[in-house]
Amino acid sequence: MIETVAKFIRQHGLLKPGERAGVAASGGADSVALLRALLELHNKLGIVLVVVHFNHKIRGAESDDDERFVRELAEEFGLSFLRGEGDVPAYSREHGLGMEEAARKLRYKYFSTLFQPEEGRTLPMLDKIATAHTQNDQAETVLMRLLRGAGTRGLSGIHTSLADMDPEDTHHRLNLGAPRIIRPLLAITRDEIVDYLRSINQPWREDSSNRLLEHTRNRVRHELIPALEREFNPAITRVLAEHAEIAQAEEEYWNSQVEQVLPTVYAAGRNILNVDSLLKLPLALQRRVIRTVAERNGLTLDFEHIEAVRRLAHCKAGLKPRQVALPGGAADLAVRDGILELILRLGSLNTPAAQDYEYRLPVPGSVAVPEIGVYIRARLVTVQEEGKTAFQSYNQAQLLNPLTLSAGLTVRNWRPGDRFWPAHTKSPKKVKELLQKMAETERRSWPVVISGNEIVWMRGFPSPACFSLPANAPASTRGLLIEESETENL
């Protein structure tokens, strides 16, 4: 294990001769193994070690016993000991955070003070702090982010080194400053750590809260990953860690691409995005440029919000809504000297409340919906068109069954009390609940198609099974396809 850690440190340039490195030690197996490994390597690396401990005050006397254990370990090896503390339960309540997130924020806030000179502290400030994140932690992080929804930036997981002080802040990953937080154990598994500690007869502390299944990470660690190892892939931990490494390289590349194209589409001094230039970029760059500009203006956008901004920029000019609400801010569209410009800003949406709309949808035919800046079209198609293979045919679930529909269809925004039954769900849902994660303005104007008194189509959701063609419908069966377009003719 020691050679693997040494190789990882050299490969990633984590430590340099002469640096003062704090070892973040909780007393658990991972951090104790990190301390012992760096003790074995510190002469070869030419570094000075300091033990750093933060008492979270979560487990009462047990937390104090952890601190005592770490302090005695530092004394045993003649190392300086730095400690901080914070009332994590109180901080969690005051800021509406989960216990794990609150603990992390307070811990890293304390770490940040150790890189600055401080009156009354006898020890010099630190150059680096090493934390004991392992390959297992990496796998758990990637899986948790995948389950809650993340792009490549989120799936890049735990980075080998960071300049910022919040390792979970996946919205600011450029890390342009000198790395201060390092993770020398990311190539080491938890089993390797336990074997190593036993081989040198080194005891460690067990955190009883690590067994509580009320915490998401613990359920992933003790239930989900073992099930994946048992039923799907025994090497799932390594595979997920490799995925993070791939995603990190992808992020590094795309960040460089964004920095390269940003001056061509964004006037930073005036905070203006040129819409025509933006829309000439590949889709991946459009999304990343919008996210970067939003972050530079203090906005954090999820995928739905980025797509809302893209739709605002992408609609046919004559149909454009002029604003889109975003979390904590808004996107404004303006025309200056014939040039479309987009502004992402903090603050409230300065627009009147969205008005209800309702239009008849001819079959076949299309109707303009200026309130949302699109055309909605209905056309009859066969499941498998002549000359096309089965792989090029329509999925029956995409097509409405004309025999189940009334004579006239209506396009309108959803209304309070509306319910919709997406395919593959157990029961109808309130539309309000289905759209709860959407930006407010988009949510109020979200389009549905009505047949009689039933919603048979809703943007972004599979149509109800009772209105769709059956899965065994012959290839020659005709179904109704409802689509959105930025132009009248697809």
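Here the structure is a predicted model, which is why all the values come from computation and not from measurement.
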Identify the two heavy atoms, one from F461 and one from W446, that lie closest to each other, and give their separation to 0.1 Å. CE1-NE1, 4.4 Å

For the pair R104 and E100, find out whether any cationic side-chain nitrogen is under 4.0 Å from an anionic carboxylate oxygen. no

Is the shortest side-chain heavy-atom distance between Y266 and N274 below 4.5 Å? no

Above 12 or not: heavy atoms from other molecules or residues under 6.0 Å from CD of E229? yes

Hey, are the side chains of V411 and V369 touching, using non-hydrogen atoms and a 4.5 Å cut-off? yes

Would R190 and D137 pass as an ion pair if we require N to O under 4.0 Å? yes

Would you call D332 and R345 a salt bridge, taking side-chain N to carboxylate O under 4.0 Å as the test? yes

Can you tell me if R219 uses its side chain to pair, donor with acceptor, with the backbone of L213 under 3.5 Å? yes

Start with the C-alpha gap between T237 and Q135, add the side-chain angles, then the distance that decides, and say whether side chain to side chain contact (heavy atoms under 4.5 Å, CB included) holds. CA-CA 7 Å; T237 295; Q135 190 177 93; 4.0 Å; yes

Going by the side-chain contact (heavy atoms from CB on, under 4.5 Å) test, name the single residue among L400, T404, L399 that passes it with L469. L399

Is the F303-H305 ring centre distance short of 6.0 angstrom? no

For R287, which residues count as a salt bridge (charged side-chain N to carboxylate O under 4.0 Å, His left out) partner, sequence neighbours excluded? E307

Using 4.0 Å as the upper bound for N to carboxylate O, is an ion pair formed by D87 and R93? no

For the residue pair H56 and E85, establish whether any side-chain heavy-atom pair is separated by less than 4.5 Å. no

Compute whether any side-chain donor of one residue and acceptor of the other, for S92 and H95, lie under 3.5 angstrom apart. no

Considering only NZ, NE, NH1 and NH2 on the basic side and carboxylate oxygens on the acidic side, decide whether R419 and E433 come within less than 4.0 Å. no

Does a donor on one side chain and an acceptor on the other come within less than 3.5 Å for R183 and T131? yes

Salt-bridge contact R288-E251 (side-chain N to carboxylate O under 4.0 Å): yes

May I ask you to decide if L273's main-chain N or O and E341's side chain share a donor-acceptor pair within less than 3.5 Å? no

Between the OG1 atom in T189 and the CG atom in D30, the distance rounded to the nearest 0.5 Å is 10.0 Å

Where do I272 and L342 land on the side chain to side chain contact (heavy atoms under 4.5 Å, CB included) test, with the steps shown first? CA-CA 6 Å; I272 288 174; L342 192 62; over 6 Å; no

Which atom names give the shortest non-hydrogen contact between A102 and V88, and what distance separates them? CB-CG1, 4.0 Å

Step by step, would you call I182 with T160 a side chain to side chain contact (heavy atoms under 4.5 Å, CB included)? CA-CA 6 Å; I182 59 173; T160 306; over 6 Å; no

For the side chain of W421 and the backbone of T425, is there at least one donor-acceptor N/O pair under 3.5 Å apart? yes

If you measure only the distance, is there a donor-acceptor pair under 3.5 Å linking the side chains of S451 and S406? yes

Hey, what do you get for CG (L143) to CG (L228), rounding to the nearest 0.5 Å? 6.0 Å

Heavy-atom closest pair, residues L435 and R443: O-CD, 3.2 Å

Would you call E250 and R153 a salt bridge, taking side-chain N to carboxylate O under 4.0 Å as the test? no

Dump the intermediate steps for side chain to side chain contact (heavy atoms under 4.5 Å, CB included) on R412 and D418, then the final yes or no. CA-CA 12 Å; R412 65 167 172 81; D418 279 348; 2.8 Å; yes

Kindly indicate whether the side chain of L283, heavy atoms from C-beta on, has any atom under 4.5 Å from the side chain of R310. yes

Find out whether the Lys NZ or Arg CZ of R180 is both under 6.0 angstrom from the six-membered ring centre of F115 and within 45° of the ring's axis. yes

Donor-acceptor pair, Q248 side chain versus I158 backbone, under 3.5 Å? yes

May I ask you to test the F54-L106 pair for a side-chain heavy-atom distance under 4.5 Å? yes

Would you call V293 and N297 a side-chain contact if the rule is heavy atoms closer than 4.5 Å? yes

Interatomic distance, I450 atom CD1 to W457 atom CH2 [nearest 0.5 angstrom]: 11.0 Å

Between E19 (side chain) and K16 (backbone), is there a donor-acceptor pair under 3.5 Å? yes

Mind listing the closest non-hydrogen atom pair of L301 and A294 along with its distance? CD1-CB, 3.5 Å

Distance-minimising heavy-atom pair for S31 and A24: CB-O, 3.5 Å

Can you confirm whether L15 sits close enough to K128 that some side-chain heavy atom of one is under 4.5 Å from a side-chain heavy atom of the other? yes

d(E140 CD, R145 CZ) to nearest 0.5 Å is 12.5 Å

Which heavy-atom pair separates S277 from V265 by the least distance, and what is that distance? CB-CG1, 3.6 Å

Inter- and intrachain pairs under salt bridge (Lys or Arg N to Asp or Glu O under 4.0 Å), touching residues 265-285, at least two apart: none

If a pair satisfies salt bridge (Lys or Arg N to Asp or Glu O under 4.0 Å) and one of its residues is in residues 459-474, list it, with sequence neighbours excluded. R459-E484

Sub-3.5 Å donor-acceptor pair from the side chain of R415 to the main-chain atoms of N413, do we have one? yes

SB check D302 R291 (cutoff 4.0 Å): no

Distance col, row T292:OG1 vs N255:CG, nearest 0.5 angstrom, shows 7.0 Å

So, do L186 and F8 sit near enough that their side-chain heavy atoms are less than 4.5 Å apart? yes

To the nearest 0.5 Å, what is the distance between CG (N233) and CG (L240)? 8.5 Å

